[in-house]
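What follows is a single structure, written as structure tokens, with notes after it.
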Amino acid sequence: MTTTAHLLLEPLDIAQTLGCGQTFRWRPLPDGSWQGPLMDQLVTLSQRGPKLLIEAVPGGPTVRRLVSDHLRAQDDILAIQLDLIARDPVIARGIRELRGLRIVKLDEWECLLSFTLATYANIPRIAKMIETLATRFGKRINDGIFAFPTLTRMKTASRSELLRCGLGYRAKYVHAMCKRLSVADIERLKLLPYEELRTELRDLPGVGDKVADCVALFGFGKLESFPIDVWMERSLRRLYGQVGSYRKLSAFARDRFGKYAGYAQEYLYYNERAHAPNGACLFSEQ
DNA sequence: GCCCAGGAGTGTG
DNA sequence: CACACTCATGGG
């Protein structure tokens with residue numbers, strides 16, 4: 001069976017939001033809609049003017065809420081953008097084309113594992129690693145579609161098994177992380193403010209400054225977090241003349257962009273990739 | 001073949 | 001604190 005629902009969400013650009021590397025499991029379909037697994041649902045999203053059409057298999061009464069939470073429907077995007085524009089004329093120009101780009105909210109565990117895999121790999125490869133893990137360890141939703149593997153299931157995976165999933169040197173980090181972490185730990189982390197959360201995430205094997213900030217932002221919804229990868233280093237150098245350590249760049253961003261630094265980061269990230277040759281298309285094939 | 005990737009861990013100055 | 005080096009591997 002299938003559940004169909006609608007969601008009014010403005011502004012929203014579904015392609016910018018789901019295709020910009022915040023999340024790795026949504027795929028564009030030929031008709032312009034996007035499809036991906038959300039918890040135990042296979043969801044298809046189609047933009048119809050101001051309305052978002054939701055189709056989900058197997059479906060259920062909570063699907064609409066699932067999508068609403070994932071797209072952070074509670075965010076006042078206009079207020080956030082006005083705040084950033086008032087703070088920084090440089091980013092103001094970059095926002096104009098990105099009014100519908102929203103930060104997403106991922107499941108905490110899915111986000112932690114996904115961005116641990118994302119170290120020193122390009123986005124198509126990250127997506128493939130996640131699909132391989134989901135196929136091997138995730139609960140089946142539909143033909144060829146598997147839910148993201150739970151922590152409980154991942155704790156049973158051996159190092160060699162993970163290595164055979166194409167994780168490379170990340171296999172030992174993932175293995176150590178799964179061994180260390182409990183479901184209760186993640187529940188406890190949900191209660192922490194940004195700085196404390198960041199410190200605890202950094203303590204996990206395979207989690208450094210950048211991954212901790214990505215997980216804080218996309219997994220735990222800490223909008224003040226400002227992850228800095230190679231693309232952001234380029235952006236901060238190109239637009240603001242800023243160079244230096246993670247700590248230094250992070251301090252600059254926090255001071256410059258304030259409590260919505262996470263949104264600022266996403267606008268800068270998108271612009272930097274679009275600015276680079278061959279950088280705009282994160283899904284180059286199919 | 002070559003280059004690089006939403007970096008982290010470890011050792012050294 | 002700052003660098004330098006290694007770590008496995010596949011997509012472009």
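Proteins get letters first, then strands, A, B, ... in listed order; numbering begins at 1 in each. All of these numbers come straight from a predicted model, not from anything done at the bench.
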Is there a donor-acceptor pair under 3.5 Å between the side chain of A:Arg64 and the backbone N or O of A:His6? yes
Under the 3.5 angstrom rule, does the side chain of A:Thr3 hit a backbone N or O of A:Gly60 as a donor-acceptor pair? yes
Sugar-phosphate or base contact per nucleotide [nucleotides 8-13 of chain B; S, B, -; heavy atom under 4.0 Å]: SS----
Can you measure A:Ile123 atom CD1 to C:dG12 atom C1' for me and round it to whole angstrom units? 13 Å
When rounded to whole Å, the CZ to P distance for the pair A:Arg159 and C:dA8 reads 12 Å
Classify A:Arg247 by what it touches in the nucleic acid, base, sugar-phosphate, or nothing, heavy-atom distance under 4.0 Å. sugar-phosphate
Between the side chain of A:Thr199 and the main-chain N/O of A:Glu195, is any donor-acceptor distance below 3.5 Å? yes
Would you kindly give the CG-to-P distance between A:Leu167 and C:dG11, to the nearest whole Å? 13 Å
From C-beta outward on A:Arg125, which listed nucleotide comes closest to its side chain: B:dG7, C:dG10, C:dC1? C:dG10
Starting from P on B:dC4, measure out to CD1 on A:Ile126 and report it in whole angstrom. 17 Å
Looking only at side-chain atoms of A:Ser245, point me to the closest of C:dG11, C:dA2, B:dG7. C:dA2
Could you tell me if A:Tyr267 and A:Gln81 have a donor-acceptor pair between their side chains, going purely by distance under 3.5 Å? yes
Figure out the CE/P separation between A:Met129 and C:dG10, and round it to whole Å. 10 Å
Could you please name the option among B:dG7, C:dG12, C:dC1 that lies closest to any side-chain atom of A:Pro124? C:dG12
Among side-chain atoms of A:Ser160 and A:Ser158, is any donor-acceptor pair under 3.5 angstrom? yes
Separation of atom NZ in A:Lys172 from atom P in C:dT6, rounded to whole Å: 14 Å
Whether the A:Tyr120 and A:Asp229 side chains hold a donor-acceptor pair (N or O, under 3.5 Å, no angle test) is what I'd like checked. no
Checking side-chain polar atoms at under 3.5 Å, does A:Asp83 have a donor or acceptor matched by the opposite partner on A:Tyr263? no
Taking atom P in both C:dA8 and B:dG11, what distance in whole Å separates the two? 15 Å
Please state how far atom CG in A:Leu249 lies from atom C1' in B:dG7, giving the value in whole angstrom units. 15 Å
Under 4.0 Å, heavy atoms only, any strand: does A:Glu272 hit a base, just the sugar-phosphate, or nothing? nothing
Phosphate contact (B:dA5 OP1 or OP2) by A:Arg234 side-chain N/O below 4.0 Å: yes
Distance, rounded to the nearest Å, where A:Asn122 contributes CG and C:dG12 contributes C1': 8 Å
